[in-house]
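Proteins get letters first, then strands, A, B, ... in listed order; numbering begins at 1 in each. Here the structure is a predicted model, which is why all the values come from computation and not from measurement.
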There are 2 protein chains.
Amino acid sequence: MRPTIKDIAERAGVSKTTVSFALNDPGRISEETYKRVMAVVTELDYVPNPVARTLTTKRLGALGLLLPQPITEALRNPYVVEIIRGIGELCAERELSLTMLPPMRGRVIEAARRAFVDGLITIGVGPDHEVVELLNKRHIPFVTIDGVDTEATVNVGVDDEAAAYSLMAHVLGLGHRRIAVLALMPETIKLPEERYSLVRDRRLAGFSRALAELGLSLGSPGICVVPAESSIEGGDAAVSAILASSSPPDLAPTAIVAMADAVALGAYEACRRVGLAIPADLSVAGFDDIPTAAGAMPPLTTVRQPGREKGAAAAALVVELLDGGDDLAHEALHRRLDTELVIRQSTAAPKD
Amino acid sequence: MRPTIKDIAERAGVSKTTVSFALNDPGRISEETYKRVMAVVTELDYVPNPVARTLTTKRLGALGLLLPQPITEALRNPYVVEIIRGIGELCAERELSLTMLPPMRGRVIEAARRAFVDGLITIGVGPDHEVVELLNKRHIPFVTIDGVDTEATVNVGVDDEAAAYSLMAHVLGLGHRRIAVLALMPETIKLPEERYSLVRDRRLAGFSRALAELGLSLGSPGICVVPAESSIEGGDAAVSAILASSSPPDLAPTAIVAMADAVALGAYEACRRVGLAIPADLSVAGFDDIPTAAGAMPPLTTVRQPGREKGAAAAALVVELLDGGDDLAHEALHRRLDTELVIRQSTAAPKD
DNA sequence: TTTGTATACTTAACCGGTTTAGTAATTCGG
DNA sequence: CCGAATTACTAAACCGGTTAAGTATACAAA
């Protein structure tokens with residue numbers, strides 16, 4: 001059996017307290033005793049049990065990331081990876097580990113319940129969500145990414161509505177009138193009250209506003225909204241379906257506007273397979289500006305949002321909350337980062 | 001203050017034990033008592049402290065991934081992301097969370113010491129590594145990925161030597177004789193004994209064997225080995241430096257053989273910047289076959305190794321060890337997955 | 001009526017550390 | 001030489017749960 005502090009104490013002929021001091025605060029005991037204790041520690045290969053320590057110190061040295069999907073699926077979206085990398089920056093700075101918490105028993109809240117973390121970051125959880133309630137009960141500080149800016153929660157996000165507006169305005173400005181919008185999927189739909197996809201709604205609102213300026217709407221003929229999983233595969237599948245079902249073909253969309261670059265790059269795959277040229281035959285626009293967007297062929301038109309910074313900002317806020325920043329001002333607790341429309345070569349005026 | 005089980009017990013007029021039963025094994029108490037206890041639980045917003053529970057149950061419900069670099073850097077390599085996704089498959093299946101453990105205080109072992117996990121997966125740690133010793137002391141089952149197949153450790157990997165040989169043989173077969181090898185960097189180099197990069201050595205051995213068949217070696221004129229960070233940026237920087245320092249230019253390499261696809265794609269960037277065409281002016285080969293390798297322009301020649309499967313296999317082994325599989329056969333504990341040379345369009349015969 | 005056996009609950013020990021409060025011995029100031 | 005302060009250490013409480021062992025009551029069987 002693995003040795004405990006008690007074993008060390010007995011063998012060294014001292015109390016548990018003395019062993020604890022030797023390990024954590026050697027200045028409090030004599031040089032001689034210290035050496036004796038440490039000799040036994042080495043002899044028995046003693047390593048303190050971090051869980052037991054936590055019970056009293058109440059610090060785990062870990063941040064958590066609550067995911068709305070299984071890890072495998074979530075990481076399929078490079079944008080999520082960017083967010084994690086941002087959180088990673090703070091982990092390095094503060095010597096923390098990062099725990100990814102996928103839904104358990106199909107529920108996000110179940111993961112939150114079991115989380116061994118000092119603080120949490122959530123993606124896309126609304127302020128009225130049951131998870132918020134639970135975390136407050138557990139007294140675990142948390143920050144939402146892409147949530148909602150209310151008094152109730154600390155949030156980091158962007159102006160999704162405005163960003164979406166600018167993207168759609170660009171596409172409409174090129175002359176497109178038959179457009180397929182590839183929308184984010186509500187990731188976890190086990191229970192109706194788990195309402196993710198605030199982001200989805202806000203971006204749809206932005207698209208609508210741009211369309212409205214031309215007297216159009218998301219329901220107009222030629223305009224359609226199709227859900228797609230946030231991955232290359234998801235985009236590929238959705239666009240393949242759209243192209244296959246467009247009959248007659250001259251009523252097919254002339255532009256694809258995706259809510260994630262990964263989905264847009266999936267559209268590239270679908271086009272390649274059926275021999276459509278981008279942007280000559282079909283314009284494609286994305287959202288996020290993931291690292292591979294600029295290097296794609298053709299380079300992808302998209303809205304840049306700073307994924308790493310989002311993650312880093314959220315983690316920084318969690319750490320601030322942990323450091324006792326209960327009295328932080330509202331504006332210090334709500335960060336809205338900038339977005340930028342990046343026009344590259346995947347969008348052009350329609351042929352006809 | 002957050003309520004504890006004691007508070008619930010007092011308020012409900014029962015013992016702590018009864019509360020514990022109500023929460024974990026309701027069948028053991030009467031319907032009536034159960035309701036009374038749960039009413040108080042709801043009233044006081046009680047959520048059990050998972051850390052305290054762990055002290056006796058000894059199950060955290062978490063796997064750990066020991067990273068040789070900070071999270072931010074590690075995730076820059078899509079291949080690492082694939083491995084994580086593989087681990088994620090098992091996490092979903094077994095309802096586990098996944099903790100990423102970057103080095104702490106510059107040392108991997110320090111992260112291993114503090115890890116709150118049931119089992120660990122390490123990347124690239126050798127069997128003689130101090131981390132191995134520590135984990136044995138802590139009685140934490142662990143599996144290495146890309147480590148070494150010895151009795152001492154449970155490992156999942158591929159035949160790196162053979163894979164590297166086939167890749168180099170392909171490049172040499174096309175006629176290339178001036179080749180730059182972009183090698184993995186020893187990730188953590190705080191201490192000399194933290195010897196990562198077993199993979200690097202084995203792949204170099206494979207390259208050497210292929211070269212030796214033509215009477216060449218890694219030290220021959222025209223052949224050079226340059227370290228590059230495992231990321232697009234790292235590959236870009238390394239290749240830019242190589243191209244800039246090749247004077248006269250007609251002694252520049254005609255082929256780049258990278259040990260990671262991310263690095264090879266970085267070479268694409270460098271070539272694009274200086275106007276070199278791939279493969280006309282320069283052949284580029286990678287290693288891993290990350291998801292974007294096939295979609296790159298031109299599609300990347302590489303050696304496929306199954307990243308997701310590696311992660312999934314490692315996680316499956318950890319879980320088996322956790323389930324008490326101490327008596328598993330050696331072959332059951334060492335998995336060697338297949339690789340495959342994938343020839344695409346980024347390699348061709350040299351011009352001259 | 002006695003014995004045996006569920007049932008429903010409690011007491012107390014335990015997990016493995018940290019920390020508070022306290023004791024004994026030594027040093028120091030006046 | 002006495003009281004105060006310091007040093008070195010320990011006993012016991014504590015963190016917040018789980019669980020083995022034990023008790024009291026009700027009910028069934030002998």
Side-chain angles (χ1 to χ4, degrees), chain A residues 1-41 44-62 113-118 137-140, chain B residues 1-41 44-62 113-118 137-140:
Chain A
M1 207 50 229
R2 177 177 167 185
T4 72
I5 199 171
K6 200 177 147 207
D7 301 322
I8 307 299
E10 282 170 5
R11 184 125 188 174
V14 297
S15 69
K16 289 199 301 175
T17 311
T18 303
V19 177
S20 183
F21 285 160
L23 263 32
N24 303 314
D25 192 2
R28 290 185 63 168
I29 61 176
S30 69
E31 182 75 19
E32 190 191 356
T33 311
Y34 173 76
K35 278 183 185 159
R36 188 151 41 92
V37 171
M38 293 315 276
V40 178
V41 165
L44 298 188
D45 285 339
Y46 172 67
V47 180
N49 178 340
V51 174
R53 192 206 300 276
T54 298
L55 207 48
T56 48
T57 61
K58 284 149 184 358
R59 273 295 167 103
L60 286 152
R113 196 184 296 280
R114 307 185 194 177
F116 292 89
V117 296
D118 295 320
K137 283 185 198 174
R138 282 197 60 186
H139 290 266
I140 293 184
Chain B
M1 208 49 229
R2 179 177 165 187
T4 71
I5 198 172
K6 199 178 148 207
D7 299 324
I8 307 300
E10 283 170 5
R11 184 127 188 173
V14 297
S15 70
K16 288 198 303 177
T17 308
T18 304
V19 178
S20 184
F21 285 160
L23 263 31
N24 304 314
D25 192 2
R28 292 185 63 168
I29 59 176
S30 70
E31 182 76 20
E32 190 191 355
T33 311
Y34 173 76
K35 278 184 185 158
R36 189 151 41 91
V37 170
M38 293 316 274
V40 178
V41 165
L44 299 190
D45 285 340
Y46 172 68
V47 180
N49 178 342
V51 175
R53 171 182 280 140
T54 298
L55 208 47
T56 48
T57 60
K58 282 146 184 2
R59 273 293 168 105
L60 286 150
R113 198 184 294 280
R114 306 187 196 175
F116 291 89
V117 297
D118 295 320
K137 283 185 198 175
R138 283 196 60 186
H139 290 266
I140 294 184

### Whole-Å gap separating C1' (C:dG16) and NE2 (B:His139)
15 Å
### Query
Cut-off 3.5 Å, side chains only: do B:Ser20 and B:Thr17 have a donor facing an acceptor?
no
Please write out the pairs of protein N or O atoms and N or O atoms of nucleotides 6-11 of chain C separated by less than 3.5 Å, giving the distance to one decimal.
residue, atom, partner, partner atom, Å
C:dC9, OP1, B:Ser30, OG, 3.3
C:dC9, OP1, B:Thr33, OG1, 2.3
C:dC9, OP2, B:Ser30, N, 2.8
C:dC9, OP2, B:Ser30, OG, 3.1
C:dC9, OP2, B:Thr33, OG1, 3.1
C:dT10, OP2, B:Ser15, N, 2.9
C:dT10, OP2, B:Ser15, OG, 3.0
C:dT10, OP2, B:Thr18, OG1, 2.4
C:dT11, O4, B:Thr17, OG1, 2.6

### Task
Report which part of the nucleic acid A:Ser20 touches: base, sugar-phosphate, or nothing (heavy-atom distance under 4.0 Å, all strands).
base
### Query
If you round to the nearest 0.5 Å, how far is CD1 of A:Ile8 from CZ of A:Arg36?
13.0 Å
#### Entry: Nearest-angstrom distance from the residue atom CZ of A:Arg113 to C1' of D:dG16
17 Å
### Query
Are OP1 or OP2 of D:dC15 and a side-chain N or O of B:Lys6 less than 4.0 angstrom apart?
no
### Summary
The residue, B:Thr57 or A:Leu55, whose nearest nucleotide of DNA chain D is more 5′ is A:Leu55
### Task
State whether the side chain of A:Asp118 and the backbone N or O of A:Leu60 hold a donor-acceptor pair below 3.5 Å, judged by distance alone.
yes
### Message
From CZ of A:Arg114 over to C1' of D:dG17, roughly how many Å is that when rounded to an integer?
### Response
17 Å
### Query
Atom CG of A:Asn49 to atom C1' of C:dC15: distance rounded to whole Å?
9 Å
### Task
Heavy atoms only: give me the nearest A:Thr4-A:Tyr46 pair and the separation to one decimal.
C-CE1, 3.6 Å
### Query
What are the two closest heavy atoms between A:Val40 and A:Ala12, and how far apart are they?
CG2-CB, 3.8 Å
### Query
A:Arg53 CZ to C:dC15 P: how many Å, rounded?
19 Å
### Interatomic distance, A:Phe116 CZ vs D:dG17 C1' [rounded to whole Å]
11 Å
### Query
Say you draw a straight line from CZ of B:Arg2 to CD1 of A:Ile140; how long is it, rounded to the nearest 0.5 Å?
7.0 Å
### Message
Below the 4.0 Å mark, does C:dT18 have OP1 or OP2 next to a side-chain nitrogen or oxygen of A:Asn24?
### Response
yes
### Task
Taking salt bridge (charged side-chain N to carboxylate O under 4.0 Å, His left out) as the test, write out the residues that go with A:Arg113, two or more places apart.
A:Glu110
### Summary
Any stem touching DNA chain C, meaning at least three consecutive Watson-Crick or G-U pairs under 3.5 Å, ordered by first number, would be C:1-30 with D:1-30
### Task
Could you state the atom-to-atom distance from CG of B:Leu60 to P of C:dC15 in whole Å?
17 Å
### Query
Do A:Arg138 side-chain atoms and A:Ala115 backbone N/O form a donor-acceptor pair below 3.5 Å?
yes
### Query
Does atom CZ of A:Arg114 have more than 12 heavy-atom neighbours from other groups under 6.0 Å away?
yes
### Task
Calculate the interatomic distance between B:Ile5 atom CD1 and D:dC14 atom P; express it in whole Å.
17 Å
